2 protein chains.
Amino acid sequence: MLEVKTTESAPGIPAEGLSIAEAARRTGVSAHTLRYYERVGLVVTTVGRTAGGRRRYHRLDLEWIKVCTKLRATGMPIRTIRRYADLVSAGRGNEQERLDLLESHRAEVRARLAEVRRNLELIDHKIDVYRGRLAAGDADRLWAPTPDPGPAPE
Amino acid sequence: MLEVKTTESAPGIPAEGLSIAEAARRTGVSAHTLRYYERVGLVVTTVGRTAGGRRRYHRLDLEWIKVCTKLRATGMPIRTIRRYADLVSAGRGNEQERLDLLESHRAEVRARLAEVRRNLELIDHKIDVYRGRLAAGDADRLWAPTPDPGPAPE
DNA sequence: TCTTGACTTCGAGCATGCTCTAAATCCTAG
DNA sequence: CTAGGATTTAGAGCATGCTCGAAGTCAAGA
């Protein structure tokens, strides 16, 4: 007991690394997309290769890819992630730029969130109206063009 | 005073309707996109035409287009808006379907919002870390691959 | 009337982000 | 050793949502 598995470097990652299929499973992106991310310069780590040329993913590779997917999930375009990746691989000296990039993205995301929330209110309102009118049984009048300057129908 | 402008039907909409350029300005979508929306079946109202074939937008047209832009702004795909538009133009009898569509979309939007918020936390964290390290002057160690099972670098 | 400039339709083109195919190679179980 | 599945590359293809171009029509002022 209390034995240290020397063949593993992390939660189940063997020392020789993971196949692309395993990496895909663990990161939640397809193998196709993993290769694509690498091709377009998103991957800042140097993914290892077997003698035969197959990719071998290690902990840092997976970590970085997860960062990418989170950035993507907040809507950061590939091109911007690449810029960030370029800054990161350029190494020390551009930390302010990285920070600027992240802060500017955060501002955009927050703005988008706010906008979506605002527009969601319309949907909430329409749902309320439909529910109310369905319950009241007079759903017929919904969006049947009304005379003129009157209030818009729902 | 207190004169009623009989040539206008709403906040500045003349009785003969607005040109596509004006409609574009007021709805915030380009004239190209207005035509596109019409082409793909998003527009439930029948936009009027002049004798010469030019579109004339009236209040309800603009209202509906604004509804479309709000649905788009929450990420509803064109195809779904079209389905909604079809339900609306089909008239009475499908209110439950419209409600279902809206509720299902709302659920998706809420889920997306939650996910974005979650992923935004990573960005917040990275920003904090960069700020802290920049302030501390040891920014050099950011994302320089660390030995091994240790904590991921930022 | 003539000249602009706005508008029309139809269809092509474009940006984004994957997603898939083909043909070759690798690797592992039997 | 061999069969068969996984992986490789380069490049094509696809879905979405616009966006633009061409060629022709319309309309309003000089």
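Residue numbers start from 1 in every chain, and the chains themselves are labelled A, B, ... in the order their sequence lines are given, proteins ahead of strands. No experiment lies behind these values; they were computed from the predicted model shown.
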Touch class at under 4.0 angstrom, heavy-atom based, for Arg35(B) against every strand present: base
dC7(C) OP1/OP2 closer than 4.0 Å to side-chain N/O of Ser19(B): yes
Touch class at under 4.0 angstrom, heavy-atom based, for Arg39(B) against every strand present: base
Between P of dC18(C) and CE of Met76(A), the distance in whole Å: 14 Å
Nucleotide nearest Arg72(A) (side chain, heavy atoms from C-beta), chosen from dC18(C), dC20(D), dG17(D): dC18(C)
Contact under 4.0 Å: Tyr37(B) side-chain N or O vs dC18(D) OP1/OP2: yes
Glu103(A) vs Arg131(B), salt bridge (Lys or Arg N to Asp or Glu O under 4.0 Å): CA-CA, chis, key distance, verdict: CA-CA 11 Å; Glu103(A) 288 190 325; Arg131(B) 276 191 182 144; 2.3 Å; yes
Closest to the Arg55(A) side chain, choosing from dT8(D), dT19(C), dT7(D): dT8(D)
Donor + acceptor pair across side chains of Asn119(A), Thr74(B) (<3.5 Å): no
Nearest-angstrom distance from the residue atom CD of Glu38(B) to P of dT19(D): 17 Å
His32(B) side-chain proximity, nearest of dT19(C), dC18(C), dC20(D): dC20(D)
Distance test, side-chain N/O of Tyr36(B) to OP1/OP2 of dC20(D), below 4.0 Å: no
Polar atom pairs between nucleotides 27-30 of chain C and protein, under 3.5 Å, N or O only, would you list them?
from, atom 1, to, atom 2, distance (Å)
dC27(C), OP1, Thr50(A), OG1, 3.0
dC27(C), OP1, Gly52(A), N, 3.4

Salt-bridge criterion met for Arg26(B) and Glu22(B) (N-O under 4.0 Å): yes
Any donor-acceptor N/O pair, Ser89(B) side chain to Ala85(B) backbone, under 3.5 Å: yes
Parallel, tilted or perpendicular: ring planes of Tyr84(B) versus Trp64(B), cut at 30 and 60 degrees: parallel
N-O pairing of Glu108(A) and Arg112(A) below 4.0 Å: no
Pair Glu38(B) + Arg49(B): basic N to acidic O under 4.0 Å: yes
Interatomic distance, Arg49(A) CZ vs dT25(C) C1' [rounded to whole Å]: 13 Å
